[in-house]
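Read the structure below first, then the notes.
Quick note on labels: first sequence line is chain A, next is B, and so on, each numbered from 1.
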Number of protein chains: 2
Amino acid sequence: MIIESFSKVLRDLRMKRHLSQEKLAELCDLDRTYISMLERGLRQPTITTLFQICSALDVAPSEFVRQMEELI
Amino acid sequence: MIIESFSKVLRDLRMKRHLSQEKLAELCDLDRTYISMLERGLRQPTITTLFQICSALDVAPSEFVRQMEELI
DNA sequence: ATGTGACTTATAGTCCGTG
DNA sequence: ACACGGACTATAAGTCACA
């Protein structure tokens, strides 16, 4: 599932960067609880949100999506 | 702008595949008018929709996004 | 530091049409 | 084939209190 793979890659990359959900939320100007929902697969982002998050994670959106593809 | 780059890549790839908006809509099980809105930058897709469209266009989502990055 | 439920507003996405 | 509109339903955006 696409939403599932997104949530896994998100959590994985955030962890690798040793960021809390709170810190990441602050970096990409989103709500802490929204990040939580994304990681639990309860929301799926629009592409704008995807790009925003990738910028905060310092990863190219295309690379993020490439990692998603590996999980599908 | 992210939405703008999405719409450009979408139209570009659809044209290269010689698909009408109607045909593409049918292939990815979306509405004809919605494809039109996406190409005019009036809507932005969720990631699920992005993957759906990429599947119909026979392009990897990561490649689609890579082409978006070139325009930003 | 995070999960969760409930909530409101905005927008994703459909379906009817027109020129 | 496509732009464009109105009206609709489903779901994302964004926030809050509490565990």
TODO: Using atom CD of B/Q52 as one end and atom P of D/dT11 as the other, report the distance to the nearest whole Å.
DONE: 13 Å
Open item on the list: So for B/R32 and C/dG17, does any side-chain atom that can act as donor or acceptor lie under 3.5 Å from a complementary atom in the base?
Closed with: yes
- [ ] Rounded off to whole Å, could you give me the CD-to-C1' distance for the A/E39 and D/dA12 pair?
- [x] 17 Å
TODO: Would you mind classifying the nucleic acid contact of B/L30 as base, sugar-phosphate or nothing, using non-hydrogen atoms under 4.0 angstrom?
DONE: sugar-phosphate
Open item on the list: Is it the case that D/dC2 (base atoms only) and B/S20 (side chain only) share a donor and an acceptor within less than 3.5 Å, ignoring hydrogens and angles?
Closed with: no
Open item on the list: Of the listed nucleotides (D/dA1, D/dC16, D/dA3), which one gets closest to any side-chain atom of A/D31?
Closed with: D/dC16
TODO: Whole angstrom is fine here: how far is it from OH in B/Y34 over to C1' in D/dA10?
DONE: 12 Å
Open item on the list: Classify A/Q21 by what it touches in the nucleic acid, base, sugar-phosphate, or nothing, heavy-atom distance under 4.0 Å.
Closed with: sugar-phosphate
Open item on the list: Please give the remaining members of the hydrophobic cluster of B/M37, linking ILVMFWY side chains under 4.5 Å, ordered by chain and number.
Closed with: B/L42
Task: Rounded distance in Å - CG (A/L42) to C1' (C/dC7) - done: 16 Å
Open item on the list: Side chain of B/R11 only, heavy atoms from C-beta on: which candidate in C/dA12, C/dG5, D/dC2 is closest?
Closed with: D/dC2
Open item on the list: Side chains of B/L24 and B/L10, heavy atoms from C-beta outward: is any pair under 4.5 Å?
Closed with: yes
Task: Atom-to-atom span, CZ of B/F6 to P of C/dG13 - whole angstrom - done: 9 Å
Open item on the list: Could you tell me how far apart A/E22 (CD) and D/dC16 (P) are, to the nearest whole angstrom?
Closed with: 14 Å
Open item on the list: Heavy atoms from C-beta onward define the side chain here; which of D/dC4, C/dT4, C/dA6 lies closest to that of A/S36?
Closed with: C/dT4
Open item on the list: Heavy atoms only, 4.0 Å cut-off, all strands: where does A/T33 land among base, sugar-phosphate and nothing?
Closed with: base
TODO: By nearest nucleotide on DNA chain D, pick out whichever of B/L19 and B/R43 is the more 5' one.
DONE: B/L19
Task: Between OG on residue A/S7 and CD1 on residue A/I35, distance to nearest 0.5 Å - done: 12.5 Å
- [ ] Would you mind classifying the nucleic acid contact of A/Q44 as base, sugar-phosphate or nothing, using non-hydrogen atoms under 4.0 angstrom?
- [x] sugar-phosphate
- [ ] Taking the side chain as every heavy atom from C-beta outward, state whether B/L30 and B/Q52 have any atom pair closer than 4.5 Å.
- [x] yes
- [ ] Whole angstrom is fine here: how far is it from CG in A/L10 over to P in C/dG3?
- [x] 11 Å
Task: Sidechain-backbone polar pair: A/R14 side chain, A/L19 backbone, donor-acceptor under 3.5 Å - done: yes
Open item on the list: Applying a 4.0 Å non-hydrogen cut-off, can you work out what B/D29 is touching in the nucleic acid: base, sugar-phosphate, or nothing?
Closed with: sugar-phosphate
- [ ] Specify the separation, in whole Å, of atom CG of A/L38 and atom P of C/dT4.
- [x] 14 Å
